[in-house]
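The block underneath contains the structure these notes are about, expressed in structure tokens.
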Amino acid sequence: MSSELLLSQAQKDAAIEDDASDGISNYSRDTACRDFEKARYARSVCRGNFMRNFHVTLALVNCFLFTVLVLRNVMATHDRALRIQSPADEAIRYKTTYFDKYGHLGGNPFSQPPGPELDKAWHRLLAGMNIAVSNEWLDPFGAETIPLADNSGMLVQLGIYHELHCLKKLKRWNYRSHYYGNLSDADLNEEEIHVEHCLEWLRVAALCRSDTTLTTFQWEGANGSRLATEYPIPRMCVDSEQVMQWSEERAVDITQEGILEHS
């Protein structure tokens with residue numbers, strides 16, 4: 001075979017190899033392009049899913065925060081409505097107090113039998129019983145009461161004084177032969193009805209406060225045969241002196257002639 005033929009065959013083989021190489025190269029490029037497109041599409045899908053999930057999560061968080069803010073506002077408004085029921089709220093102070101189990105045995109004028117000392121103690125304790133307030137404290141509750149004749153306010157009474165009045169009534173009922181000895185049967189029956197009212201009122205008042213302070217127990221008596229209560233844990237109490245001073249400074253003497261407006 002001549003050199004020309006060999007050269008021609010070599011050139012053909014080279015051309016075939018070049019074509020094959022070009023084909024492989026083109027195939028690789030096509031595959032790479034497809035792989036790249038697939039990867040880009042996958043990234044696009046992932047990015048889209050991420051952004052969609054992000055926006056959904058953000059929306060849920062915003063809804064949650066909005067709900068919390070609304071509830072806090074509602075609860076705060078509700079708490080304010082519960083707290084701001086009386087102008088005397090400004091006088092509220094708290095202090096811890098130990099209850100004296102044997103406070104009735106001596107030194108306490110309220111535990112004394114009928115006499116000037118007891119009557120004076122009750123008179124002093126109830127000195128600020130009736131006061132006058134403006135209608136702004138009554139209107140939110142649709143409450144009505146008797147106005148003062150000079151239009152300076154509306155006649156009201158702090159709840160503490162009704163409870164103290166009931167305790168005074170019970171004390172007197174306990175010594176009714178002294179206080180009510182001259183009453184007719186009809187009047188005595190009226191007093192008994194009043195006493196039943198006071199007992200029920202004090203029951204409801206105790207449940208309203210629902211004191212959760214713990215009471216403890218000990219065995220007492222001969223051979224420890226009687227179970228007795230003890231009160232070693234202090235209570236958190238309103239400083240009643242502050243409240244009663246506030247009320248006394250605004251007291252209205254309803255026994256004065258013409259102080260109240262009559263319908």
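These numbers come from the heavy atoms of this one structure, side chains and all, not from hydrogens, waters or symmetry mates. Residues take their numbers from the sequence shown, with the count starting at 1.
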Worksheet item: Taking C-beta and beyond as the side chain, do P109 and L118 meet within less than 4.5 Å on heavy atoms?
Response: no

Worksheet entry | For E191, salt bridge (charged side-chain N to carboxylate O under 4.0 Å, His left out) partners two or more places apart | K169

Worksheet item: Looking at residues at least two apart in the chain, or sitting in another chain, which of them share a side-chain hydrogen bond (donor to acceptor under 3.5 Å, both in side chains) with T212?
Response: none

Worksheet entry | Side-chain heavy atoms of L155 within contact of V133, under 4.5 Å | no

Worksheet item: Please walk me through it: do W173 and E192 pass side chain to side chain contact (heavy atoms under 4.5 Å, CB included)?
Response: CA-CA 8 Å; W173 187 250; E192 187 172 3; 3.8 Å; yes

Discussion item. For a quick test of reading the model, state the closest non-hydrogen atom pair linking A149 to G258 and the distance between them.
Written reply: CB-O, 3.2 Å

Discussion item. So H194 and L170, do their side chains get closer than 4.5 Å, heavy atoms only?
Written reply: no

Worksheet item: Can you find a heavy atom in the side chain of C237 that is under 4.5 Å from one in the side chain of F99?
Response: yes

Fill in: Residues which pass side-chain hydrogen bond (donor to acceptor under 3.5 Å, both in side chains) with W122, listed by chain and number, not counting sequence neighbours
none

Practice prompt. Heavy atoms only: give me the nearest M236-T96 pair and the separation to one decimal.
Written response: CE-CG2, 3.7 Å

Worksheet item: Can you name the side-chain hydrogen bond (donor to acceptor under 3.5 Å, both in side chains) partners of D119, sequence neighbours left out?
Response: Y179

Discussion item. Tell me which pairs pass salt bridge (Lys or Arg N to Asp or Glu O under 4.0 Å) where either residue lies in residues 253-263, with sequence neighbours left out.
Written reply: none

Discussion item. Check whether S111 reaches the backbone of L105 with its side chain - one donor and one acceptor, N or O, closer than 3.5 Å.
Written reply: no

Fill in: E200 and R203 ion-paired at < 4.0 Å
yes

Worksheet item: Shortest non-hydrogen contact from C166 to W201?
Response: SG-CB, 4.5 Å

Worksheet item: What are the two closest heavy atoms between Y94 and V238, and how far apart are they?
Response: CE2-CG2, 3.7 Å

Discussion item. For a 4.5 angstrom cut-off between non-hydrogen side-chain atoms, does V195 reach C198?
Written reply: no

Response to the item:
Note: G128 and S247 closest approach over all heavy atoms is O-OG, 2.6 Å

Worksheet item: Hey, are the side chains of V243 and R93 touching, using non-hydrogen atoms and a 4.5 Å cut-off?
Response: no

Worksheet item: Any sub-3.5 Å donor-acceptor pair from N62's side-chain atoms to L58's backbone N or O?
Response: yes

Worksheet item: Would you say the side chain of L148 lies within less than 4.5 Å of the side chain of M154, judging by non-hydrogen atoms?
Response: no

Worksheet, complete the sentence: Residue pairs meeting side-chain hydrogen bond (donor to acceptor under 3.5 Å, both in side chains), one or both in residues 222-231, sequence neighbours left out, come to K101-E230, E220-R226, T229-Y231

Discussion item. Please determine whether the number of non-hydrogen atoms from other residues, nucleotides or ligands lying under 6.0 Å from atom CD of E136 exceeds 12.
Written reply: yes

Worksheet item: Can you tell if the side chain of W246 reaches within under 4.5 Å of the side chain of P87, non-hydrogen atoms only?
Response: yes

Worksheet entry | Basic-acidic side-chain contact under 4.0 Å: E163, R209 | yes

Worksheet entry | Test log, rule salt bridge (charged side-chain N to carboxylate O under 4.0 Å, His left out), inputs E117 and R124 | CA-CA 11 Å; E117 185 182 6; R124 177 69 188 88; over 6 Å; no

Practice prompt. Give the minimum heavy-atom separation between L125 and M244, together with the two atoms involved.
Written response: O-CE, 2.9 Å

